[in-house]
2 protein chains.
Amino acid sequence: MGAPAQTDLPQGTLDLLILRVLALGPMHGYAIARRIQQTSREVLAVQQGSLYPALHRLENKGALSADWKLTDTGREAKFYRLTARGRTRLESETANWRQLVEAVGLILGDPEGERR
Amino acid sequence: MGAPAQTDLPQGTLDLLILRVLALGPMHGYAIARRIQQTSREVLAVQQGSLYPALHRLENKGALSADWKLTDTGREAKFYRLTARGRTRLESETANWRQLVEAVGLILGDPEGERR
DNA sequence: CCCCCATACCTATCGCTTCTACATATCATC
DNA sequence: GATGATATGTAGAAGCGATAGGTATGGGGG
């Protein structure tokens, strides 16, 4: 319940998070944001002004598709799901992220850098 | 000598890398870029058009100070070194980075996320 | 001697993403 | 009927890294 410590997300990270959450199944935007915040133990906070443009971008790129449905609570919401292209994108972005983390770890001198 | 795989650096990462490299001792810009590339096993490539503006920004913020000296090969170069403020900044940015990596790891479902 | 490459610095501009701030609408609860 | 959570959206600002240029020097090969 503390305020999220990670106020700013590095560029490109949001796409990865969205894609990964949607790999668990279709979900609407608001729920995606909540899921990210909860799963990250309140460290990551996705702003609405970042979330919806990101979803639209991913949809335009063909990584997501969406349709309006009713939520559990009986409200209209836009449910997004991964397309085949989105799944591919998730894989490449995940690999890219891990490589980045490992590379930065080498610079920082993290012991994990040598592990493997 | 493969081409660097990480073409784009996420926003904010470059400062961290520069500060960390300079924590090892004063160095000029061109050498900083080389060091990052080598230490990361050719994964990270720092473009000159990113490097020099970043150095100037960090200098303006008081994280670095610079003066011209001769390199080993007898050429003029601008040697940067960490200020006290820069050292503080390095620590906070490092902590921030680790927290980010852990949080994203939780979303991705990395086993490391549970470790600790 | 000349050309090329690595070294070493710099800047203008673009592109992209995220953030801030605002606007809208429904539903449940008090 | 007011309030807060749910749910979506846009406009504008800000920041950073990348692209693409430019300058200058030194060393090695042809």
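Quick note on labels: first sequence line is chain A, next is B, and so on, each numbered from 1.
- The side chain of A:Y80 approaches D:dG9 more closely than any other nucleotide in the set C:dA8, C:dT18, D:dG9.
- A straight line from CD of A:Q48 to P of D:dA11 spans 17 Å, rounded to a whole angstrom.
- In this structure a side-chain-to-backbone donor-acceptor pair under 3.5 Å is missing from A:T39 to A:I36.
- In this structure, A:L51 and A:G29 approach most closely via the heavy-atom pair CD2-O, 3.3 Å.
- In this structure, B:G29 reaches the sugar-phosphate backbone alone: every heavy-atom distance under 4.0 Å involves primed, P, OP1 or OP2 atoms, never a base.
- Atom CG in B:L70 sits roughly 11 Å away from atom P in D:dG26 (whole-Å rounding).
- Close to D:dT6, at under 4.0 Å from its OP1 or OP2, lies a side-chain N or O of A:Y30.
- Each of C:dC9, D:dG17, C:dA8 was ranked by its minimum atom distance to the side chain of B:W68; first place goes to C:dC9.
- As rounded to whole Å, 11 Å separates atom P of C:dT18 from atom CG of A:L55.
- The listed nucleotides are C:dA6, C:dT18, D:dA18; the one nearest the side chain of A:L9 is C:dT18.
- In summary, the side chains of B:R20 and B:T94 do not present any donor paired with an acceptor at a separation below 3.5 Å, with no hydrogens or angles considered.
- Using a 4.0 Å heavy-atom cutoff across all strands shown, A:K69 reaches no nucleic acid atom at all.
- Toward the 5' end of DNA chain D, the nearer of the two residues A:D72 and A:G49, judged by each one's closest nucleotide, is A:D72.
- A:F79 and A:L90 are members of different hydrophobic clusters when ILVMFWY side chains are connected at heavy-atom separations under 4.5 Å.
- Nucleic acid contact class of A:G12 (heavy atoms, under 4.0 Å, all strands): sugar-phosphate only.
- Heavy atoms of A:L51 sit nowhere under 4.0 angstrom from any nucleic acid atom.
- Panel note: side chain A:R98, backbone A:E93; no donor-acceptor pair is recorded below 3.5 Å.
- At C:dT11, one or more side-chain N or O atoms of B:H56 fall inside 4.0 Å of OP1 or OP2 (strictly under the cut-off).
- Using a 4.5 Å cut-off between side-chain heavy atoms of Ile, Leu, Val, Met, Phe, Trp and Tyr, with links allowed through other members, B:I18 and A:L108 fall into the same hydrophobic cluster.
- Within the 4.0 angstrom heavy-atom criterion, only backbone atoms of the sugar-phosphate kind lie near B:R57; the bases stay farther away.
- With hydrogens and angles disregarded, a donor-acceptor distance shorter than 3.5 Å links the side chain of A:T83 to the backbone of A:G62.
- One interatomic measurement links the two molecules: CZ of A:R35 to P of D:dA7, which rounds to 14 Å at whole-angstrom precision.
- Of the candidate nucleotides D:dA18, D:dT8, C:dT18, C:dT18 has the atom lying nearest to any side-chain atom of A:D15.
- Within the 4.0 Å cut-off from OP1 or OP2 of D:dA24, not a single side-chain nitrogen or oxygen of B:R75 is found.
- Taking 4.0 angstrom as the limit, B:Y52 places a side-chain polar atom (N or O) nearer than this to OP1 or OP2 of C:dC9.
- Counting to the nearest Å, the P atom of C:dT17 and the CG atom of A:N60 are 11 Å from each other.
- Checking the phosphate oxygens (OP1, OP2) of C:dA8, a side-chain nitrogen or oxygen of B:T71 falls inside 4.0 Å.
- Counting to the nearest Å, the C1' atom of D:dG15 and the CG atom of B:D8 are 15 Å from each other.
- One atom, CD of B:Q38, and another, C1' of C:dA6, lie 13 Å apart when rounded to the nearest Å.
- At least one side-chain nitrogen or oxygen of B:T73 sits closer than 4.0 Å to the OP1 or OP2 atom of C:dA8.
- Listed candidates were D:dA18, D:dC16, D:dG9. Nearest to the side chain of B:S50 is D:dA18.
- Atom-to-atom, CD of B:Q11 to P of D:dG15 comes out at 10 Å; the value is rounded to the nearest Å.
- Taking for each of A:T13 and A:G74 the nucleotide of DNA chain C with the nearest heavy atom, the 5'-most of the two is the partner of A:T13.
- At C:dA8, one or more side-chain N or O atoms of B:R34 fall inside 4.0 Å of OP1 or OP2 (strictly under the cut-off).
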